[in-house]
Number of protein chains: 2
Amino acid sequence: MSEEEIDFLEGLQNNTVEVQAGVDFVVEGDDRKTTFILIDGWASRYTTLSDGRRQILSFALPGDILGLHINFNAQAHYSATAMNTLKLAVVDPRRILEINQKFPILASGLSWCTAREFAILGDQAVRLGRLPAKARLAHLFLELWHRLELIRENNGKWLALPMKQSDLADTLGLSLVHTNRCIGDLRKSGLITVAKDHIKLEDLDALIRLSDFDPERLAEFSI
Amino acid sequence: MSEEEIDFLEGLQNNTVEVQAGVDFVVEGDDRKTTFILIDGWASRYTTLSDGRRQILSFALPGDILGLHINFNAQAHYSATAMNTLKLAVVDPRRILEINQKFPILASGLSWCTAREFAILGDQAVRLGRLPAKARLAHLFLELWHRLELIRENNGKWLALPMKQSDLADTLGLSLVHTNRCIGDLRKSGLITVAKDHIKLEDLDALIRLSDFDPERLAEFSI
DNA sequence: CGAGGAGTTGAAGCAGGTCAAGCGCTGTGG
DNA sequence: CCACAGCGCTTGACCTGCTTCAACTCCTCG
């Protein structure tokens with residue numbers, strides 16, 4: 001990267017804002033176009049059905065970008081909510097276009113982010129379509145654990161989970177009750193230990209076998 | 001678009017190839033990097049679990065691009081198969097990088113494609129996570145029907161479906177048997193008519209209500 | 001100390017899976 | 001030209017994973 005590029009990249013993050021847990025900072029149908037870089041905290045991206053049920057599509061972790069392609073949508077296709085206190089860089093999406101036009105190396109970085117998001121959303125579809133409930137949980141835990149590892153925010157076998165069980169249910173396409181029972185089963189069989197807002201992955205191999213998780217798919221996206 | 005851009009765009013499609021129905025032209029784990037522009041025919045993108053079960057992630061229709069971000073993966077994250085006879089333009093993915101560096105207007109077009117793919121994959125996740133079986137079918141039919149309309153390959157209320165019921169099952173995260181029964185139910189309730197490789201959407205409003213489909217989300221991506 | 005939110009547990013019902021068999025094409029080879 | 005094989009579709013019977021409804025506990029916060 002040239003000095004100019006580094007400057008530009010840092011300039012993007014000048015305008016930061018703090019968002020409290022539980023606040024929706026993007027709302028489906030919104031026509032104000034903003035791109036966010038998640039500096040700190042976790043966010044979730046979701047859509048709502050007409051009867052009020054939710055489907056969480058993905059989680060954004062520190063370093064992730066939200067609304068990279070918002071330039072090409074008249075309005076947001078999803079909502080985004082803060083799972084804990086966030087630090088967000090607020091970016092005018094026109095600067096994303098500017099990157100693509102003026103800074104080829106940064107533009108490659110954005111494409112890399114896009115490829116990563118695609119891989120994650122594809123894995124989410126596999127979870128929802130083809131895994132039974134317990135495997136969905138294990139698969140998601142492993143994904144988040146590996147993603148944290150990639151950004152060096154991991155903590156041994158412990159996995160931070162700043163979310164309610166109902167959020168997990170809405171991510172995995174399950175009912176709250178069944179999600180709760182499956183977590184209990186995983187705990188009873190010794191695969192995980194549960195603590196407040198954290199779980200410990202006691203037996204990675206067993207979780208991988210249970211969920212058909214492929215660590216390689218994410219490993220590609222190490223920095 | 002400048003003349004140079006139009007020339008470049010046409011040049012991309014110089015090297016075309018025909019693929020027979022049923023042939024996998026991208027295989028998961030493959031490290032040969034190629035980008036394809038689908039000129040004619042339908043393709044599906046899928047992953048395989050270790051026990052052999054499949055999850056189809058999305059369908060590619062004429063005009064769609066496959067492997068737009070393959071530059072950033074060591075190997076393909078999915079397989080792609082021809083559902084009927086395809087005409088494919090074979091593109092060196094380095095030319096995609098070239099577009100991003102030299103042709104800002106074309107690059108915007110690529111981002112637009114990416115935004116569209118994201119929206120479609122997100123809808124797929126909602127189907128899989130939150131819709132019951134019959135609604136999944138209706139929702140997918142409506143998506144394909146609207147996508148065909150956008151590329152002007154639609155034919156009234158008829159929808160071409162060059163796929164087996166087992167492909168639908170693998171798309172919608174259902175068993176073949178249940179897929180079959182649900183199609184029968186939709187037929188019996190008069191919402192669709194079934195013919196060889198085609199169905200007719202008899203009552204669009206009822207299908208939309210049943211599946212919570214939002215036509216607006218795709219309409220944005222009209223050309 | 002009471003209210004409300006998150007988690008937990010029980011009981012009952014149903015959507016969807018699995019197993020199994022049969023049907024009706026189409027293509028192929030004797 | 002017929003026989004048979006194979007594939008895609010259909011149907012029946014049974015089973016189970018998951019949902020729903022409902023109640024209760026525990027914790028936190030006002």
Side-chain angles (χ1 to χ4, degrees), chain A residues 20-23 44 49 51-56 81 83-84 127-140 160-189 192-199 210-212, chain B residues 20-23 44 49 51-56 81 83-84 127-140 160-189 192-199 210-212:
Chain A
Q20 295 305 312
V23 174
S44 72
L49 303 194
D51 63 1
R53 287 178 307 152
R54 271 196 321 162
Q55 175 63 51
I56 294 180
T81 194
M83 323 213 51
N84 44 23
R127 266 196 293 268
L128 293 171
R130 283 299 178 217
L131 297 188
K134 264 187 274 189
R136 287 188 208 179
L137 277 164
H139 197 277
L140 178 63
L161 277 185
M163 61 185 82
K164 298 178 289 183
Q165 292 189 355
S166 62
D167 295 322
L168 284 175
D170 286 343
T171 307
L172 300 173
L174 300 168
S175 69
L176 168 59
V177 174
H178 196 58
T179 303
N180 177 284
R181 281 192 236 267
C182 288
I183 292 174
D185 288 349
L186 290 176
R187 196 175 46 69
K188 278 167 210 152
S189 51
I192 63 172
T193 306
V194 180
K196 169 145 182 54
D197 285 348
H198 289 77
I199 62 168
L210 170 66
S211 66
D212 209 64
Chain B
Q20 295 306 312
V23 174
S44 72
L49 302 195
D51 63 1
R53 287 178 306 153
R54 272 196 320 163
Q55 176 63 51
I56 294 180
T81 195
M83 321 212 53
N84 43 24
R127 266 196 293 267
L128 293 171
R130 283 298 178 219
L131 297 188
K134 264 187 274 186
R136 287 187 207 178
L137 276 164
H139 197 278
L140 178 63
L161 277 186
M163 61 185 80
K164 297 178 288 183
Q165 291 189 357
S166 62
D167 295 322
L168 284 174
D170 286 342
T171 307
L172 300 174
L174 300 168
S175 68
L176 168 60
V177 174
H178 197 58
T179 303
N180 176 284
R181 281 193 236 267
C182 288
I183 293 173
D185 287 351
L186 290 175
R187 195 174 46 70
K188 278 168 208 151
S189 51
I192 62 172
T193 306
V194 180
K196 170 146 182 54
D197 285 349
H198 288 77
I199 63 169
L210 170 66
S211 66
D212 210 66

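Keep in mind that this is a model prediction, so the values were computed, not measured. All chains are named by letter (A, B, ...) in the order of the sequence lines, taking the proteins before the strands, and each is independently numbered beginning at 1.
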So, using side chain to side chain contact (heavy atoms under 4.5 Å, CB included) as the criterion, who are the partners of [X] when residues are at least two apart?
X      : result
A/T193 : A/K200, A/E202
B/D197 : none
A/V194 : A/I183, A/R187, A/I192, A/I199
B/A133 : B/L174, B/H178, B/C182

_Upstream residue (5' side of DNA chain D) when B/N180 and A/R136 are each assigned their closest nucleotide_ =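 Looking at the nearest nucleotide for each, B/N180 comes out on the 5' side.
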_B/R136 versus B/L172, closest heavy-atom pair with distance_ =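 For B/R136 and B/L172, the tightest heavy-atom pair comes out as NH1-O, 2.6 Å.
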*If every non-hydrogen atom of A/S211 is compared with every non-hydrogen atom of A/A135, which pair is closest and at what distance?*
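Looks like CB-O, 3.4 Å.
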_Interface residues of residues 162-173 of chain A with DNA chain C (non-hydrogen, below 4.0 angstrom)_ =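 Within residues 162-173 of chain A, the residues near DNA chain C are A/K164, A/Q165.
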*Mind checking the CG-OG1 spacing from B/L128 to B/T171? Nearest 0.5 Å is all I need.*
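The distance works out to 9.0 Å.
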*asked:* Of all nucleotides in DNA chain C that come within under 4.0 Å of a heavy atom of chain B, which is furthest toward the 5' end and which toward the 3' end?
replied: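 First-to-last contact on DNA chain C, by the 4.0 Å heavy-atom rule, is C/dG16 to C/dC19.
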_What's B/L176 touching, base or sugar-phosphate or nothing? Going by heavy atoms closer than 4.0 Å._
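B/L176: no heavy atom of the nucleic acid under 4.0 Å.
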According to side chain to side chain donor-acceptor pair (under 3.5 Å), who are the partners of [X], at least two apart in sequence or on a separate chain?
X      : result
A/R127 : A/Q124, A/H139, A/E143
A/T81  : A/D24
A/R53  : A/D51

*Between B/C182 and A/K188, which has a closest nucleotide on DNA chain C that is more 5'?*
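Here A/K188 is the residue nearer the 5' end.
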_Start and end of the DNA chain D segment that chain A contacts, any atom under 4.0 Å from a heavy atom_ =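 Span of nucleotides near chain A: D/dC18 to D/dC21.
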*asked:* Counting C-beta onward and ignoring hydrogens, is there a side-chain heavy-atom pair between B/Q55 and B/L49 closer than 4.5 Å?
replied: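 No. Closest side-chain heavy atoms not under 4.5 Å.
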*Is the closest side-chain heavy-atom distance between A/R130 and B/D170 below 4.5 Å?*
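Yes, close enough: below the 4.5 Å cut-off.
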Exercise answer: donor-acceptor pairs, residues 160-167 of chain A side-chain atoms, under 3.5 Å, sequence neighbours excluded:
unit_1, atom_1, unit_2, atom_2, d
A/Q165, OE1, A/N180, ND2, 2.9
A/D167, OD1, A/R54, NH2, 2.7
A/D167, OD2, A/K164, N, 3.1

*Terminal axes of the helix from C/dC1-D/dG30 to C/dG30-D/dC1 (five pairs each): angle between them, nearest 10 degrees*: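 That helix gives 30° between its end axes.
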